[in-house]
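To start, the structure under review is shown below, and the notes come after it.
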Amino acid sequence: MSTLLDIFGDDLGGGYNISCKLEKILNQSKLGPQVHELRFQALVGSFHGHAHHWICQLSNLTKGTFLVNNYWQALEILVGEDALWKTMEDQGIMGTKVFHEWLKEEHAYLSSLSKEPIQKMLEMEYYQKLVNRHAANEKLAKLKNCWQDVQEQAWAKLAARLAMDHYFKMEHACKEIEQLNIEIEQVATHMRDEESFLSAKEADMKDKNPAFAFQI
């Protein structure tokens, strides 16, 4: 290991069939300070889990675990596509374009809340007092029109809101899968390149240092 660190230097990743044990051994050995200084990372092979156990696989292949978990989460969201279409049909929602329109309307409404004119705030306060005192119905109706009742908005209905949330989750899941497909290919390419790199180093050291070549 000392020779590997001297030859490859900083940020070396060592793939070994017992890397889960090797890292602990190195940290407790006289090489520990050098290992930390050079930022050595012990790694395991892609099929280490079958030979040993999956805890090591998950601990030492964190990138792969992250990709797999995200992929499964995205697929689980997309499974509900039929349920979304059924909800849209039941609610009379003709297409997904309306979800984007509702999102804009909701954003506009929430933005308006922070800058509501003082006059309307006073009117609303007065309206509430009239409600509490059971005032005349005609006065209540007149003042109620001065304040937008959010509950009457289509995007505020419970069923429609659930459908809108479901749609945007599915939209994001599709985008996530597109990105994951790119990253998975990158990981696979890295694994192939690593194999080629190690094979080349092994061939280079085979005559010079057979024992070291065997370790590679």
Side-chain angles (χ1 to χ4, degrees), residues 11 13 15 20 39 41 43-50 53-118 120-121 123-124 127-128 144-197:
D11 300 314
C20 49
R39 299 180 298 279
Q41 177 65 53
L43 305 172
V44 297
S46 302
F47 297 98
H48 178 76
H50 298 285
H53 53 75
W54 283 107
I55 294 179
C56 295
Q57 183 86 328
L58 296 177
S59 299
N60 294 283
L61 286 177
T62 54
K63 177 65 174 180
T65 303
F66 173 80
L67 295 177
V68 170
N69 288 342
N70 279 17
Y71 217 106
W72 274 115
Q73 290 174 8
L75 290 176
E76 288 174 357
I77 292 174
L78 294 178
V79 166
E81 183 176 6
D82 290 342
L84 173 61
W85 291 118
K86 181 63 168 59
T87 301
M88 291 174 60
E89 181 181 356
D90 293 341
Q91 297 301 313
I93 302 172
M94 304 305 296
T96 58
K97 183 179 179 180
V98 71
F99 293 133
H100 294 273
E101 295 173 353
W102 286 353
L103 191 64
K104 291 179 181 178
E105 292 176 7
E106 181 182 9
H107 183 271
Y109 171 77
L110 294 176
S111 298
S112 70
L113 294 181
S114 61
K115 49 188 178 183
E116 193 69 30
I118 295 178
K120 285 194 174 184
M121 293 178 66
E123 289 174 352
M124 187 59 187
Y127 164 68
Q128 188 61 51
K144 186 175 181 180
N145 292 332
C146 297
W147 191 268
Q148 185 178 10
D149 188 357
V150 67
Q151 294 181 344
E152 297 301 321
Q153 299 301 313
W155 48 264
K157 304 292 184 181
L158 179 59
R161 180 145 209 92
L162 291 174
M164 183 169 67
D165 291 344
H166 193 173
Y167 166 73
F168 283 114
K169 283 183 180 180
M170 289 182 56
E171 185 179 62
H172 293 154
C174 290
K175 293 179 180 179
E176 179 71 7
I177 287 178
E178 289 180 6
Q179 182 61 34
L180 287 171
N181 286 335
I182 295 173
E183 295 186 30
I184 289 171
E185 183 62 29
Q186 291 174 340
V187 171
T189 299
H190 171 75
M191 293 173 64
R192 290 193 297 267
D193 290 347
E194 180 184 38
E195 180 66 24
S196 299
F197 172 78

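- Across all non-hydrogen atoms, the minimal contact from Ala160 to Phe99 is O-CE2, 4.4 Å.
- The two residues Leu78 and Met170 come nearest to each other via the heavy atoms CD2-O, 3.7 Å.
- With values rounded to the nearest 0.5 angstrom, Asn69 atom CG is found 10.5 Å from Leu180 atom CG.
- Atom CD of Glu76 is separated from atom NZ of Lys169 by 12.0 Å, given to the nearest 0.5 angstrom.
- Between Ile93 and Ala163, the closest heavy-atom pair is CD1-CB, 4.5 Å.
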What do the steps show when you test Met164 against Glu106 for side-chain contact (heavy atoms from CB on, under 4.5 Å), and what is the final call?
CA-CA 12 Å; Met164 183 169 67; Glu106 181 182 9; 3.8 Å; yes

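- Between Phe168 and His172, the two ring planes are tilted [angle within 30° to 60°].
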Evaluate the side-chain contact (heavy atoms from CB on, under 4.5 Å) criterion for residues Ile177 and Asn181: first the C-alpha distance (whole Å), next the side-chain angles of each, then the deciding distance (0.1 Å), finally the verdict.
CA-CA 6 Å; Ile177 287 178; Asn181 286 335; 3.7 Å; yes

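- Between Met88 and Thr96, some side-chain heavy-atom pair lies under the 4.5 Å cut-off.
- To the nearest 0.5 angstrom, Asn70 atom CG is 11.0 Å from Leu75 atom CG.
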Begin with the C-alpha distance, continue with both residues' side-chain angles, and end with the deciding distance and a verdict on salt bridge (charged side-chain N to carboxylate O under 4.0 Å, His left out) for Lys86 and Asp90.
CA-CA 6 Å; Lys86 181 63 168 59; Asp90 293 341; 3.0 Å; yes

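- Put simply, CZ on Arg161 and CG on Leu158 are 9.5 Å apart, with the number rounded to the nearest 0.5 Å.
- Within the 4.5 Å cutoff, the side chain of Gln91 has no heavy atoms near those of the Lys157 side chain.
- The nearest pair of heavy atoms linking Tyr167 to His100 is OH-NE2, 3.0 Å.
- With rounding to the nearest 0.5 Å, the separation of CD in Glu171 from CD1 in Ile77 is 12.0 Å.
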